[in-house]
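Take a look at the structure below.
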Amino acid sequence: MVRVRFAPSPTGLPHVGNIRTALFCWLFARHHNGSFILRVEDTDRERYRPEALDAIMSGLRWLGLDWDEGPQVGGDYAPYFQSQRLEIYHKYARKLVESGSAYYCNCSPERLDKIRNQRLQNGLPPMYDRNCRDKKIESDPTDTDTVIRFKMPLFGKTCFTDELRGEICFENSTFDDIVLIKSDGYPTYHFAVVVDDYLMKISHIMRAEEWIPSAGKHILIYDALGWEAPKFVHLPMILGPDRSKLSKRHGATAITEFEQQGILPEAMFNFLSLLGWSPKDDTEIMNKEELISRFDIDGINTAASVFDFDKLRWMNGEYIRRMTPKQLTARLKPYYEKWGWCTADNPCDDEYLDKVSQAMQERLKVFTDMKELGYYFFTEPTEYDPKGVKKNFKPEVADWLNELANRFDSLSEWDKPNLEQQTRDFANEMDVGAGKVIHPIRLAVSGLRMGPGLFELLEIVGKEKVIARLKRAANWIRENIN
RNA sequence: GGCGGUAUCGUCUAGCCCGGUAAGGACAUAGCCCUCUCAAGGCUAAGACACGGGUUCAAAUCCCGUUACCGCUACCA
């Protein structure tokens, strides 16, 4: 039975790197019909942020990563908050002290600081000097004057098999006597993760590769407790464009920001799955079901990968293009409301919005592109693209636009064919190419030099508005161009 | 410093285990086609086996060394 957990620490906004790890865990669990467990590692009271957990959970939900056990859903191994499992850690910590595998230590943080600096100055690894190791201090996990440290073997080697990288070994002498229980009674990560993974019957520890160095220490703790360790899978990291660990300074890295920027969860899911994993053929666009059936450990890469925002945008565009106009409208609507485009005096009936969706669909990479590329379907252009003005707003164009406004006004039917016929006829009469007329109209109605086919655009924007905008542009030209 | 991990186009990657490919795909870039513009689409171009030694008829692939990059080195996770 595959049981994997995602164990975030609620210290801040959920980072894409962590979320990608969660996604791999989830895919692995779903592929093997196993369980995906969410466990909250809230043992650091200093960095704890109460709002972080909500952000993490909504990030997971946004992507569709549902958990079988954990906060809000419970489970057979509750509680899933480490802060609620203190007695459990204390119990096993006492056991370790009794068996001689751990010891109480009353060294002050000041002293620890001092020896660390000394050793650093002498070019030595900044390890604890094991001052209390053999003092046999009597205390209790709850005592705030002491911590519990693990008695690391002084020599020998500890090895473990990483499912991706093979055997990895460490010299025991390089391990510090790490703290298991802090003076505040909370366990450190190293201890809590071992106890919980074992007690919760985790089959595979899937976590980022930055944990490789501590895996050896964890193995030793498992041994001391007489437990068999789960399998280890250390996932490659995600890097920023400068190849350092992806972080805030690389721009949008919190999962919530992608949502705000108009990225589809489906696209994000697909994109993230391909960051560090490959289906081995050239398939790139895959839905959740395909991903579940194809994902497995052997496709996971060992090298870290750079997060390429451009490729995400491309993939998002792929997903946008695959939607029906109605589906696109549904996704776009919240943004329209946010931008104040859907109000009483603006046409926001679904039929209209669907037409806009259809016209704009293949021009959008992210939803927020709509704000610059399609605003004219909702609000009057207040300025005209300067390059377009220079190219298309010649003095004589003012008359053309007025004339066009009149002719459009008398159109029997406001539709694409009629608009096109009328426009081309006019160009012929003026003895110019159709483009010479089309471009000024586009600029007058949309303010832009780019967009959907002009006649489709005109049909959608509607008779009244088009005519008003043509006249308005004509006046603008008279006032500004000579 | 110590310990560990990693190394194929700018980026994501296939190929490596089981030596023989014109080293394949995608994003981005450039050009062309399509065209009322922008997209989308189609075609084309440019672009990589970190380096040095072996082994072999033959090495991206196997062996050794070097280099570079990244991570860890807390009473943080």
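Labels below follow one simple rule: chain letters A, B, ... track the order of the sequence lines, proteins then strands, and each chain is numbered from 1.
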Would A/Leu239 and A/Leu246 satisfy side chain to side chain contact (heavy atoms under 4.5 Å, CB included), going step by step from the backbone distance to the final call? CA-CA 4 Å; A/Leu239 274 23; A/Leu246 190 68; 5.8 Å; no
Check this one for me: any side-chain N or O of A/Lys365 less than 4.0 Å away from OP1 or OP2 of B/A40?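 Checking B/A40 against A/Lys365, a side-chain N or O does come within under 4.0 Å of OP1 or OP2.
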Starting from [atom2] on [N], measure out to [atom1] on [X] and report it in whole angstrom.
| X | N | atom1 | atom2 | value |
| --- | --- | --- | --- | --- |
| A/Phe160 | B/C3 | CZ | P | 17 Å |
| A/Glu167 | B/G4 | CD | C1' | 14 Å |
| A/Asp369 | B/C38 | CG | C1' | 12 Å |
| A/Leu246 | B/U11 | CG | P | 16 Å |
| A/His218 | B/G4 | NE2 | C1' | 14 Å |
| A/Asp298 | B/C17 | CG | P | 16 Å |
| A/Ile441 | B/C38 | CD1 | C1' | 17 Å |
| A/Asn428 | B/C36 | CG | C1' | 14 Å |

Nucleotides 62-77 of chain B: protein proximity per nucleotide (B base, S sugar-phosphate only, - neither; heavy atom, under 4.0 Å): --------SBS-SBBB
For the [atom1] atoms, the ones on [N] and on [M], what distance do you get once it is rounded to whole angstrom?
| N | M | atom1 | value |
| --- | --- | --- | --- |
| B/U61 | B/C51 | P | 11 Å |
| B/C17 | B/C12 | P | 23 Å |
| B/U35 | B/G42 | C1' | 13 Å |
| B/U44 | B/G19 | P | 34 Å |

Counting Watson-Crick and G-U wobble pairs only, both distances under 3.5 Å, name the nucleotide matched with [N], or none.
| N | result |
| --- | --- |
| B/C9 | none |
| B/A48 | none |
| B/U61 | none |
| B/G41 | B/C33 |
| B/C17 | none |

Compute the ring centroids of [X] and [Y], then answer whether they are less than 6.0 Å apart.
| X | Y | answer |
| --- | --- | --- |
| A/Trp476 | A/Tyr384 | yes |
| A/Trp314 | A/Phe309 | no |
| A/Phe307 | A/Phe271 | yes |
| A/Phe170 | A/Phe175 | yes |

If you count the non-hydrogen atoms of other residues, nucleotides and ligands that lie under 6.0 Å from CD in A/Gln358, is the total more than 12?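 No.
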Are the side chains of A/Asp369 and A/Arg313 in contact, using a 4.5 Å heavy-atom criterion?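 Touching, per the 4.5 Å side-chain cut-off.
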Quick check for you: among [options], whose closest atom lies nearest to any side-chain atom of [X]?
| X | options | value |
| --- | --- | --- |
| A/His439 | B/U11, B/U13, B/C36 | B/C36 |
| A/Arg363 | B/C38, B/G41, B/G2 | B/C38 |
| A/Lys280 | B/A14, B/C3, B/C12 | B/A14 |

Once you apply a heavy-atom cut-off of 4.0 Å, does A/Leu454 come out as touching a base, just sugar-phosphate, or nothing?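 Base, at least one base heavy atom under 4.0 Å.
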Would you indicate what A/Gly453 reaches in the nucleic acid, counting non-hydrogen atoms under 4.0 angstrom: base, sugar-phosphate, or nothing?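 Answer is base: heavy atoms of A/Gly453 come under 4.0 Å of a base.
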Below 3.5 Å is the cut-off: list the nitrogen or oxygen pairs between protein and nucleotides 20-25 of chain B, distance only.
| residue | atom | partner | partner atom | Å |
| --- | --- | --- | --- | --- |
| B/G25 | O4' | A/Asp282 | OD2 | 3.4 |

Are the two sulfur (SG) atoms of A/Cys107 and A/Cys132 closer than 2.5 Å?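 The sulfur gammas are not closer than 2.5 Å, so no.
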Does A/Arg39 count as lying over the ring of A/Phe81, i.e. NZ or CZ under 6.0 Å from the six-ring centre, within 45 degrees of the axis?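 Relative to the ring axis of A/Phe81, which defines the angle, A/Arg39 lies outside at least one limit.
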Pull out every protein N or O sitting under 3.5 Å from an N or O of nucleotides 46-50 of chain B, one pair per line with the distance.
none

List the steps and the verdict of side chain to side chain contact (heavy atoms under 4.5 Å, CB included) for A/Val445 and A/Tyr376. CA-CA 8 Å; A/Val445 177; A/Tyr376 52 86; 5.6 Å; no
